[in-house]
Amino acid sequence: MVAGLMLACVVTVSAGQSPDDERGRQLAADAYRQLTGYGDATARLTIIVGNGRDEERRRSVRWRSIEPRGGGERTLVVFEEPRDVRGTALLTVTRPGAEDEQWLYLPAMNRVKRIASHSRSGSFMGTEFSYEDIALPDVGRYRHRWIGEDSLEGVAAWRVERLALDPASQYGRQVVWIDRDHHRLLRIDFFDRNDQPLKTLRFVGYRLYGERYWRPDELRMVNHRTGATTVIEWRDYRFRMGLAERDFDPAVLARSQ
Amino acid sequence: MSRLWCTLSLLPLLLATFHAPAVAQWAGQLRVRERVFAQRPAGGPGGAHEPTVFGSARWKLQWQHGAQQVSLAASLEVNPADGSQTLFDIDDLSWRFGSEHVAVRAGVGEVTWGVTEAAHVVDVINQRVTGAGAEGDIKLGQPMVNAALQGWWGTFDVYLLPGFRTRPFRGRAGRLWSPNPTAATSTFDSPQAQRHVDWAARWAISRGPLDIAAGYFRGTERDPVFSLETAAAGAAVLIPRYELGSRASLDLQWTRGPVLWKLELVNDRRKLGAHQALAAGIEYVVADYLSFFAEYLHDTRGPLATTSLEHDLFLGTRLLYQDGQVASGVIVDRVTGNVMVSAQASRRLSSSLSLGLEGRVFTGNSTREPLLAPRWDTNISAALNWYY
């Protein structure tokens, strides 16, 4: 329903644009729809940060997410490793058209703390991902253009160029590979404001969950400037667990951990 | 409320329901610390340095997809140089149940109210051990029955608090305590003394940029006042006295972009009159990893306050990096001119090992602020933490 309305908006706004713009926008909307409408989901994540030399840092977290009735998304991340921050929980509430809200639960102090919402270009938990990179690719946040077709490791794909409308975005253009059959994101090339290559994100090992949700086993980000890498491994994906919205409330954060 | 009583009457039944597989978790910490003082003790107890060993363990069992939980947490701190400083506490020993609109907890636990950095003037449920060093105050587990109702209007918590715990005057044989001996027995306003049952309630809600909460407490106040008496041997001794009172409090935070506005207010009414306390300030987030703090704390009792933060300004900063953090702060007493500067740094050595460094410097005159005396001792310390 929400996706349908958004699509309607998209069509209205894009009227009068070139056919390639319209096609790009349509593909982005398909990819977005593929990522939403899951109800609720849980997973275990391992985040491996490499500094481009030989050092590696690992973090593991439990991840839970829900699509609340009013739209948007609520995500709860609970740290398991490193062990000194075990039990620390980060609740992020995303509402359409509003600033994200975040609360941190600190087990050592048994305290829930409202924190300043991150800047979109800030690093997500010290990784090569920024908050802008991990946010859902809402169609209204970009201007799209279809730029051609390609084949990535034998998978037929469309190439779509997008420009962030947010002036605070750290990127110039981005090139997105969207798979032709299932509208899955396969790869994103990020360019800086001077059109120099900045980062590349690859989506590796797609699996079908619940006969409906395609999700990758790994997200692999490489920073071309520094050589630094981040791999996010997703394990034990489960959908429609019947999670309750109240479990994603700051008041419950301290109680439920 | 009828739903709540309904839930309470069903407790024995709920306890017996192990439909879903139960999940147990263990965690714990071991810390070895060495603290070195700038000056040799001036006639008081303690040596030029103090090693301490701290251990804690936490266990919990959840079932019904986390709807029910039993948990146990205990901690022990030993000062090998001085056997009298051992501090053991059960931080948590409780059963919890949560459903769509109601949550119940019974047992021993910890509760934190408040939003500011330097001190929480509204925090009241748990007794605290003061002068405990960089981690700030350590809380003692409080016996309680707590019920929470949740709805579109926020969360309403009620606490029944049987069993009062007196403040342990930890370290009176060591360095970080005042040279005046404190009596082991306390006096109470209430004829039931430690058996007086206290209660508290709190309403809290988050709406957009605003987090707001109003609290109420009635019973034996957690912070003692002291009277100086002469013991049989002729030496002066401090007698802690715990007063009956009621506290109404408000705390709120306004979060917009990089600026967080924080306010805590309390009106505390006791037998000898009422006083008010305030903590107010801002946090400015320069980047996700760098924050600055500025807060002011005030207590209308002035020199008679049971806190050393009665008219103090706090300025601080915190820097997070990949494997740790660096934090520093300065507290300036507007009236006495006393200054405390502190700095801490921690670094993760591996997934389960971390190293911490900390230093505290005092300038001014401790006799102007007797309550600061326990901490009035410039020192640096290093700690190795192991997490399992």
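Naming: A, B, ... by sequence-line order, numbering from 1 per chain.
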Chain A contacts, top residue of [options] (heavy-atom pairs, under 4.5 Å):
options: B:S352, B:P209, B:A287; result: B:P209
options: B:A204, B:G257, B:S71; result: B:G257
options: B:D211, B:I205, B:T155; result: B:D211
options: B:K262, B:R256, B:E283; result: B:R256

Any side-chain heavy-atom pair of [X] and [Y] under 4.5 Å:
X: A:N51; Y: B:Q322; result: no
X: A:R57; Y: B:D323; result: yes
X: B:Q253; Y: A:K113; result: no

Enclosure of [X] [atom1] (heavy-atom neighbours >12, cutoff 6.0 Å):
X: A:W214; atom1: CH2; result: yes
X: B:R58; atom1: CZ; result: no
X: A:R143; atom1: CZ; result: no
X: A:R207; atom1: CZ; result: no
X: A:F191; atom1: CZ; result: yes

Could you give the distance from [atom1] ([X]) to [atom2] ([Y]), rounded to the nearest 0.5 Å?
X: B:S354; Y: A:R83; atom1: OG; atom2: CZ; value: 13.0 Å
X: A:M109; Y: B:K139; atom1: CE; atom2: NZ; value: 10.5 Å
X: B:S350; Y: A:R58; atom1: OG; atom2: CZ; value: 14.0 Å
X: B:I125; Y: A:N110; atom1: CD1; atom2: CG; value: 11.5 Å

Salt-bridge criterion met for A:R111 and B:E110 (N-O under 4.0 Å):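 Salt bridge between A:R111 and B:E110, a charged N being under 4.0 Å from a carboxylate O: no.
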Which heavy-atom pair separates [X] from [Y] by the least distance, and what is that distance?
X: B:W26; Y: A:R86; answer: O-NH2, 3.7 Å
X: A:I115; Y: B:T255; answer: O-CG2, 3.8 Å
X: B:S206; Y: A:P250; answer: OG-CG, 3.7 Å
X: B:L260; Y: A:R114; answer: CD2-O, 3.6 Å

Segment of A:V85 engaging chain B (4.5 angstrom heavy-atom cut-off):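 Answer is side chain: those atoms of A:V85 sit under 4.5 Å from chain B.
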Go through the atoms of [X] and report whether side chain, backbone, both or neither lie under 4.5 Å from a heavy atom of chain A.
X: B:V259; value: neither
X: B:S75; value: neither
X: B:D91; value: neither

